[in-house]
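A quick write-up on the structure given underneath.
Naming: A, B, ... by sequence-line order, numbering from 1 per chain.
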Amino acid sequence: MPKPLIIAENIMKWFPITRGLKGALQRLPVIYARAVDNISFTIYQGETFAMVGESGSGKTTTGRLLLKLLDLTGGEAYYGSIPLSKLSGNPLKAFRRQAQMIFQDPYSSLDPRFTIGASLEEPLIIHKITKSDEERKELVAKILEDVRMIPPEEYTWRFPHQLSGGQRQRIAIARALMLRPKFIVADEPVSMLDVSIRAEILELMRSLKEKYNLTYLYITHDLSTARFIANRIAVLYLGKIVELGNADDVIEDPLHPYTQALVAAVPEPDPELRFKLKEIKVVGEIPSSVFIPPGCRFHPRCPYVMDICKKVEPQLVEIKPNHYVACHLYSGNKLYEEVVKNEKAANVRQI
Amino acid sequence: MLLEIRNLKTYFFTSRGIVKAVDDVSLSLDEGQVLGLAGESGCGKSTLAYSIIRLIPPPGLTVGGKILFENTDILELDNDTFRKEYRMKKISMVFQGAMQALTPVYTVGEQLYEVFKYHMDVNYDEAKSLMEEQLKSVALDPSIMRRYPHELSGGQKQRVMIAMALLLKPKLVIADEPTTALDVIVQAQILNLLKQLQSKYGTSMILISHDLSIIAELADKVGIMYAGKLVEIAPALDIYKDPLHPYTQKLLKSIPRLKQKVEKLEFIPGVPPDLRNPPSGCRFHPRCPYVMDICKKVEPQLVEIKPNHYVACHLYSEGGKR
Ligand SMILES: Nc1ncnc2c1ncn2[C@@H]1O[C@H](COP(=O)(O)OP(=O)(O)OP(=O)(O)O)[C@@H](O)[C@H]1O
Ligand SMILES: Nc1ncnc2c1ncn2[C@@H]1O[C@H](COP(=O)(O)OP(=O)(O)OP(=O)(O)O)[C@@H](O)[C@H]1O
Ligand code: SF4
Ligand code: SF4
Ligand SMILES: [Mg+2]
Ligand SMILES: [Mg+2]
C-alpha cells in the first residue's frame, strides 16, 4: 500500500474581491472569488496526480496551497503528517526544499539577467547546501546532464533568451530539482510549448521521477498529456473536484457530463473527422468563480440538468472501485445514496 | 486556382543578421479549399501569412517571388490599392493572439463599424443590420455590439475576431493559431464554427497551427514547414496516412493521443536551427535519423512523388533508398 505524501482535507481558498472606493464607502459586503471551494484528495508517494480543468477552475491555486505559497482559507493540507498551516521556522525551510514548483511559462520563470549557471546555483546558495564553488559547479553540471542539456558547459554561460522554449523549460525543471525535492507541482509545464516538444519534456519528467523518486502534482487543461503522464486524474470545475479516478478509467469511461464533454472536445489527428461537426453538448463557457451557480455548479451548462441539480450540490462519491463522481445522475447508485444520507446528517454547508 | 505562391522569400533584416523566415516557398490553393500549415515554432508560418496579407512587421521584407491572387500579383500592387481592394475585402486574417488585438476603448460595434466605414460608403444604421447578421452567424448575441472587449470571455473575443474577418465576405481567410489560448471545449466550439462558416460561404482558408490534430479538423490539404522551407505538401489523407518526409513522420508520432494509450512518445531530438545561419543542404539533416552524405551538401527540391503529393527529401530522389 503506497503511503500518502499529500493529504488535502476540505481545503478552501477564497480571494476577497475589492470593489473599489465606492464599495468601501457604501459598506457593501465583501464578495469572494471561491477559487478552491472545499476539496479533498490524497496524493500517494511516487504517483503522478493530474489536476485537469478549464481556465479559472482553481488548478494553480490548489498547487500553490499545497506548497504553502498561499494560506488556506479553510480546511487543512498535510505534507506527510505535518499540517501545513502549522509549519514555520526550520521545518518550513525544510519543506521549502522538499516541495518545488515548475511554472507554465518558460519565458518568465527564469531571470533574464542571470546565466543558466547562475540561475541553477542560486537555490544552492540560498539554502546553503554546498560548501565550495567547485562542489556547486559540479552539482549544476550533473543536473544539466539529467535534463539532457549535454555537454553542460555548452549551456551554463548562456542566458535564457539564447535557448529555445523547450530548452528553457528543461532548465526550469533542472532548477526545481537542484534541492533534491520529493514533491513537485508542475503547473502546465508543456502547454506553452509546441506539440512536438511536449513529448520530449513529458518523457523527461517521467524518467526523472523514476530516478529521483519524485511525486508529481501535474496541472493541465489538456487531458491527452494527463493520460500520458498521470496515474490518477482529478477533474476540477469552478473550484470543485467533479470526478476522480485512475487516468485510464476517467478517460475511457468518463462519468461526469463535464468530463464527457472534455473528452469529446479533444481534437484527434484524423483527417476523416473534417466532414463532421464535433458533438459538444455542453453550452457556453465557465463562469467566474465570484458567481458560482447554486446546487451543482455545472448545471447552467449541463445537457442533463434536472430540478434537483439547481438546488442540491452533489457530493463526490465512489461509484465504481476508485472512481469518484459528483453528479446527481448517479444518485440511483446505492453507495451514492448512502453518502448523501451521511453528508446530510453531518449538515454539510449548502450554498 | 485562387492563390498561387511562387518562390516567395521574406527575410528579416536584423542587426544580428538576416533571418530567412520564408525561404523560397511555393504553394497553391483552389477556391473553397482549406490549407493547413503546420511546423514548429519559428519555422515561418506567421511570416508566410503576413506576406500574403502584406503586413510583415519591420525589419521584415519580401525580397523575392510572386503571390498571385486570382492571377494578379498582389506584391506588385501599390499600398493604397491593396488596402482598399484586397485586405479585408478579398483576403482577411485572424491574427495569432488576436484576442488581445481588440482595442480596449472601443465597443465591439464601433470596431466592426470601422471596417465597414473604410471599405464602403455606409452610415452606422445601414451597417448595423449587416453587423448584427454577422454576429449571429458566429453564434453571438447582437447586443454584444455595445460591450467592451474586457467584458467578453476569451471565446467571445475570438468569435468577434472571426466575425470581423468575415465581415466583407472575403474569398480567402487566414486563421493563425485561432484556438491556441482557448480551453478545449471552447476550442471545439470555435473549430465547429469555422467548419460551418467555411462550408456555408465556400471561403478558402489557410489554417495555421503547430498542432496537427487541429489541422486535421479542417484541412483538405496540408503543408509542413521546417526552418523557413516547405518540406511536404499533400492532400490531408496522404499527410496523415502516408507521410513521406522524415520530419512529418516524427511530428505525427510525437502527438500525445487521448483515445489510445501510448507507452512511449517519440520526439525529435535537437532544436530547430537558427534561421540566420541554417544548416547546409537539407535543413533538417542535423536531426534526421536517415541522413545521408548528399543531405549535408545538396538542398533537396520539392518534387511530386505521388499525384499531388510533394516532398523535399533525398530519400525519394534518384539513388535514394525508398
Ligand atoms: N490573487 C487572486 N485574487 C483574486 N482572485 C484570484 C486570485 N488568484 C486566482 N483568482 C481567481 O481564482 C480562480 C481560480 O484561479 P486559478 O489561477 O487557480 O485557476 P486555474 O485553473 O489555474 O486557471 P488557468 O488555467 O487560467 O491557469 C479564478 O477565477 C481567478 O480569477
Ligand atoms: N519582427 C521580427 N524581427 C526579427 N525576426 C523575426 C521577426 N518576426 C519573426 N522573426 C523570426 O522569423 C522566424 C519565423 O517567425 P514566425 O513568427 O513566422 O514563426 P511561426 O512559425 O509563426 O512561429 P510560432 O509557431 O511561434 O508562431 C523566426 O525565426 C522568428 O524569430
Ligand atoms: S448534477 Fe445535474 S447538472 Fe450537475 S452534472 Fe450532474 S446532471 Fe448535470
Ligand atoms: S534530405 Fe536527407 S536529411 Fe533531409 S529529410 Fe531527407 S533524408 Fe533526412
Ligand atoms: Mg493556472
Ligand atoms: Mg506564428
| message | Is it the case that the side chain of A/D194 and the backbone of B/H210 share a donor-acceptor pair, with hydrogens and angles ignored and the cut-off at 3.5 Å? | response | no
Cut-off 4.5 Å, heavy atoms of chain A, and the answer for B/L218 is backbone
Okay, A/E285 and chain B: the region with an atom under 4.5 Å from a heavy atom over there is side chain
So, the part of A/L193 with a heavy atom under 4.5 Å from chain B: the answer is backbone
When rounded to the nearest 0.5 Å, the distance separating CG of B/L265 from OG1 of A/T225 is 10.0 Å
Okay, B/Q198 and chain A: the region with an atom under 4.5 Å from a heavy atom over there is neither
inquiry  = Quick check on B/K306: does its NZ atom have over 12 non-hydrogen neighbours (other residues, nucleotides or ligands) under 6.0 Å away?
reply    = yes
Heavy-atom nearest pair, B/I268 first then A/E200, reads O-OE1, 4.1 Å
In short, B/E40 meets A/I197 closest at the heavy-atom pair OE2-CG1, 4.3 Å
Okay, A/Q167 and chain B: the region with an atom under 4.5 Å from a heavy atom over there is side chain
Cut-off 4.5 Å, heavy atoms of chain A, and the answer for B/K250 is neither
When the 4.5 angstrom heavy-atom criterion is applied to A/R227 and chain B, the contacting part is both
Check: Do the side chain of B/K264 and the main chain of A/E203 share a donor and acceptor less than 3.5 angstrom apart?
Finding: no
Comparing B/A188, B/S254, B/P272, B/P235 against chain A, the one with the most heavy-atom pairs below 4.5 Å turns out to be B/S254
In this structure, CG of B/N192 is separated from CG of A/L277 (nearest 0.5 Å) by 4.5 Å
Rounded to the nearest 0.5 Å, the NZ atom of B/K195 sits from the CG atom of A/L273 at a distance of 6.5 Å
Cut-off 4.5 Å, heavy atoms of chain B, and the answer for A/D248 is side chain
Whatever's closer than 4.5 Å to a heavy atom in chain B on A/I251 counts as side chain
>> Let's go through A/Y258 and B/I185 carefully: what are the C-alpha distance in whole Å and the side-chain angles of both, what is the deciding distance for side chain to side chain contact (heavy atoms under 4.5 Å, CB included) to 0.1 Å, and is it a yes or a no?
In response: CA-CA 10 Å; A/Y258 177 62; B/I185 291 177; 3.8 Å; yes
Could you walk me through whether B/L212 and A/V195 satisfy the side chain to side chain contact (heavy atoms under 4.5 Å, CB included) test, starting with their C-alpha distance in whole Å, then the side-chain angles of each, then the deciding distance to 0.1 Å, before giving a yes or no? CA-CA 8 Å; B/L212 276 166; A/V195 171; over 6 Å; no
Within-4.5 Å side-chain heavy-atom neighbours: B/P269 and A/R148: no
Applying a strict 4.5 Å limit to non-hydrogen atoms, the region of B/V271 in contact with chain A is side chain
Pair count under 4.5 Å, heavy atoms only, with chain A: among B/Q189, B/E266, B/K259, highest is B/K259
Taking side chain as C-beta onward, heavy atoms only, is A/V266 less than 4.5 Å from B/V184?
yes
So CZ of A/R198 and CG of B/D211: to nearest 0.5 Å the spacing works out to 6.5 Å
Pair count under 4.5 Å, heavy atoms only, with chain B: among A/A264, A/G284, A/A199, A/P271, highest is A/P271
When rounded to the nearest 0.5 Å, the distance separating CG of A/D270 from OG of B/S213 is 10.0 Å
key: A/R274 side-chain N/O to B/A219 backbone N/O, donor-acceptor pair under 3.5 Å   = yes
Whatever's closer than 4.5 Å to a heavy atom in chain A on B/D220 counts as both
So, the part of B/Q187 with a heavy atom under 4.5 Å from chain A: the answer is side chain
- [ ] Verify side chain to side chain contact (heavy atoms under 4.5 Å, CB included) between A/K278 and B/E217, making sure each step is shown before the conclusion.
- [x] CA-CA 9 Å; A/K278 269 213 149 55; B/E217 294 276 346; 2.7 Å; yes
Turns out that what part of B/Q156 lies under 4.5 Å from chain A's heavy atoms comes down to both
Turns out that what part of A/S196 lies under 4.5 Å from chain B's heavy atoms comes down to both
Nearest heavy-atom approach of A/V263 to B/L258 is O-CD2, 3.7 Å
